[in-house]
Amino acid sequence: MIRYLIKNNFKIMFRSPVNILLYVLCPILISAILISAFSTLMESYEAPGEFEVGYTVEEDSPYAGIVSALAPVGKENGIIFNRYDGGTPEELLQSRELGGFITFTKEGYTIYESKNRQVEGAKLEYMISAVYNSMISGNVSDIRIPTESPEVAPAINSTDYYGMVYMVYFGWCAIVCAAGLFAQEKKHQILDRFRVSDLSSAQIYFGRAIPIVTVVAIGIGLASVISAVVLGVHWGNILISGMLLILSIIAATAFEMMIYEISHSMIATIILSFGIVWWLGYIGGTFETYMFSSWSESVKLISPLYHTNRALVELSSMGHSDYILSSVVFLIAITVICSLIAILAGSVRRKERA
């Protein structure tokens, strides 16, 4: 009997192909828009290579002695100093594409920086200060710009980030695919027929849940493949990433079916589930990357989307993640608890109607 119910529910859902198509097109379109919008923001930092700096020296400037140390020290640190006797610093910065400009006068020295090359400007400021302080102490033989390479997570670009997190987010909107199914149940009073059948509340629950999860998983799976081919999203470990997406869809289906069984209203279910999922996504990095989010870590950990998002992103960028286990535990717990509540609510409602 339950196999007939599952088969019938599949037929009903496939009569609403627009809902299913949303799960293929919407994640791809929104991901593409956000990838384009935030590509510059999420570009990884690259240290500046060798660049040129111009300078002028006023006669009788007490800082003229610094100039003699600039060329050798600058060359060792990737800065080429060239003297310019004509033109203003502003004009030379633009026309010569300089990383900076220094004017040495009787009163002191002034450093001019380009607004578009602030990294080079900061490096230049540090060097001039280091040379000046070293000359005072009488040692300019070994001046180096200090650099460190700490072990941190590799940068993730906007393509990989938004290409993955929106698959998770749309998976949590699984109730959209069930809209046609629940509408048909009410229209044809299918629930009244269930009351006189030997189907249990658990069988009715799984008769709905299995088709919903399957259809949503197919839609998100197709969207993921298309995003990888067309947008160039790198999924890292495909088996683990796929497992996390499926578990996420199962948990979302259980959560939203619980709301439906309690409210028994599709409108209330959509409003409540979308509102809750929006906040979970906001906390979990769907709309702004969790790397740039101002939410504290303790708040982020409340959201199941955060665990899944972070696991997928770290699998893509590092090949491993400490959030895989927490994501799996979180999603399974949501699935079990929400399923039990949904089955219990359905059982109570059947007894009330009997």
Side-chain angles (χ1 to χ4, degrees), residues 1-2 4-23 26 168-197 199-220 245-281 303-305 330-354:
M1 186 69 178
I2 189 173
Y4 170 78
L5 177 60
I6 293 173
K7 181 180 178 181
N8 188 60
N9 285 340
F10 267 119
K11 289 181 179 179
I12 293 174
M13 293 186 70
F14 281 112
R15 289 173 188 167
S16 302
V18 175
N19 290 343
I20 301 172
L21 194 61
L22 288 175
Y23 279 87
C26 288
V168 177
Y169 182 75
F170 273 88
W172 271 87
C173 300
I175 197 63
V176 172
C177 266
L181 173 60
F182 294 139
Q184 289 296 315
E185 285 183 354
K186 286 195 172 184
K187 180 179 179 181
H188 298 287
Q189 299 180 336
I190 296 176
L191 291 178
D192 293 334
R193 301 178 190 178
F194 289 158
R195 287 207 306 269
V196 298
S197 70
L199 287 172
S200 66
S201 296
Q203 289 175 316
I204 295 172
Y205 172 81
F206 286 110
R208 292 165 166 171
I210 291 173
I212 295 172
V213 169
T214 303
V215 171
V216 174
I218 291 172
I220 294 297
L245 280 177
I246 292 173
L247 286 177
S248 184
I249 293 169
I250 293 172
T253 301
F255 172 71
E256 287 156 358
M257 284 188 65
M258 177 191 71
I259 295 176
Y260 180 77
E261 288 291 356
I262 294 173
S263 66
H264 203 60
S265 168
M266 194 62 200
I267 296 176
T269 301
I270 290 178
I271 293 173
L272 285 173
S273 62
F274 276 27
I276 294 171
V277 170
W278 189 93
W279 275 106
L280 292 176
S303 171
L305 277 76
F330 212 150
L331 295 174
I332 291 176
I334 291 173
T335 300
V336 173
I337 293 171
C338 292
S339 295
L340 291 174
I341 294 175
I343 292 170
L344 179 61
S347 179
V348 170
R349 192 176 299 280
R350 285 187 74 185
K351 290 178 181 179
E352 290 176 350
R353 292 186 175 183

Check: side-chain contact (heavy atoms from CB on, under 4.5 Å) with S263: which residues, sequence neighbours excluded?
Finding: I259, S265, A268, T269
Notebook entry, point to check: What pairs with S339 under side chain to side chain donor-acceptor pair (under 3.5 Å), at least two apart in sequence or on another chain?
Noted result: Y205
Note to self: To check you understand the geometry: which heavy-atom pair defines the closest contact between G207 and N9, and what is its length?
What the structure shows: O-ND2, 2.7 Å
Next item on the list: Go through the structure and list residues passing side-chain contact (heavy atoms from CB on, under 4.5 Å) with L22, not counting sequence neighbours.
Entry: N19, C26, V176
Next item on the list: Tell me, please, which residues at least two apart from A333 pass side-chain contact (heavy atoms from CB on, under 4.5 Å).
Entry: none
Next item on the list: Report yes if the side chains of F206 and I343 come closer than 4.5 Å at any heavy-atom pair, otherwise no.
Entry: yes
Notebook entry, point to check: With sequence neighbours left out, what residues match I218 under side-chain contact (heavy atoms from CB on, under 4.5 Å)?
Noted result: T214, L222
Notebook entry, point to check: According to the salt bridge (Lys or Arg N to Asp or Glu O under 4.0 Å) rule, which pairs have a member within residues 331-344, sequence neighbours left out?
Noted result: none
Check: Out of curiosity, I332 CD1 to I337 CD1, how far, rounded to the nearest 0.5 Å?
Finding: 11.5 Å
Item checked: Under the ring-ring contact (aromatic ring centres under 6.0 Å, His included) test, residues paired with W279 that sit two or more places apart -> Y282
Next item on the list: Rounded to the nearest 0.5 Å, what's the gap from CZ on F10 to CD1 on I210? Could you check?
Entry: 8.0 Å
Notebook entry, point to check: Is there a side chain to side chain contact (heavy atoms under 4.5 Å, CB included) between V215 and F14 once you walk through the steps?
Noted result: CA-CA 9 Å; V215 171; F14 281 112; 4.2 Å; yes
Margin query: Taking ring-ring contact (aromatic ring centres under 6.0 Å, His included) as the definition, give me every residue that meets it alongside F182, ordered by chain and number, with sequence neighbours left out.
Written below: Y260
Distance-only check: which donor-acceptor pairs under 3.5 Å involve side-chain atoms of residues 247-258, not counting sequence neighbours?
from : atom 1 : to   : atom 2 : distance (Å)
S248 : OG     : W172 : NE1    : 2.8
T253 : OG1    : I249 : O      : 2.8
E256 : OE1    : A174 : N      : 3.4
E256 : OE1    : I175 : N      : 3.0

Next item on the list: Determine the minimum heavy-atom distance between I262 and A345, stating which atoms define it.
Entry: CG1-CB, 4.3 Å
Check: So which pairs with a foot in residues 268-280 pass salt bridge (Lys or Arg N to Asp or Glu O under 4.0 Å), sequence neighbours left out?
Finding: none
Checklist line | Pairwise salt bridge (Lys or Arg N to Asp or Glu O under 4.0 Å) hits with a residue in residues 259-269, at least two apart | finding: R208-E261
Margin query: Enumerate the salt bridge (Lys or Arg N to Asp or Glu O under 4.0 Å) contacts for residues 262-276, please, sequence neighbours excluded, ordered by first and then second residue.
Written below: none
Next item on the list: Could you tell me the separation between the CD1 atom of I12 and the NZ atom of K7, rounded to the nearest 0.5 Å?
Entry: 13.0 Å
Item checked: Minimum side-chain heavy-atom gap I334-P304 below 4.5 Å -> yes
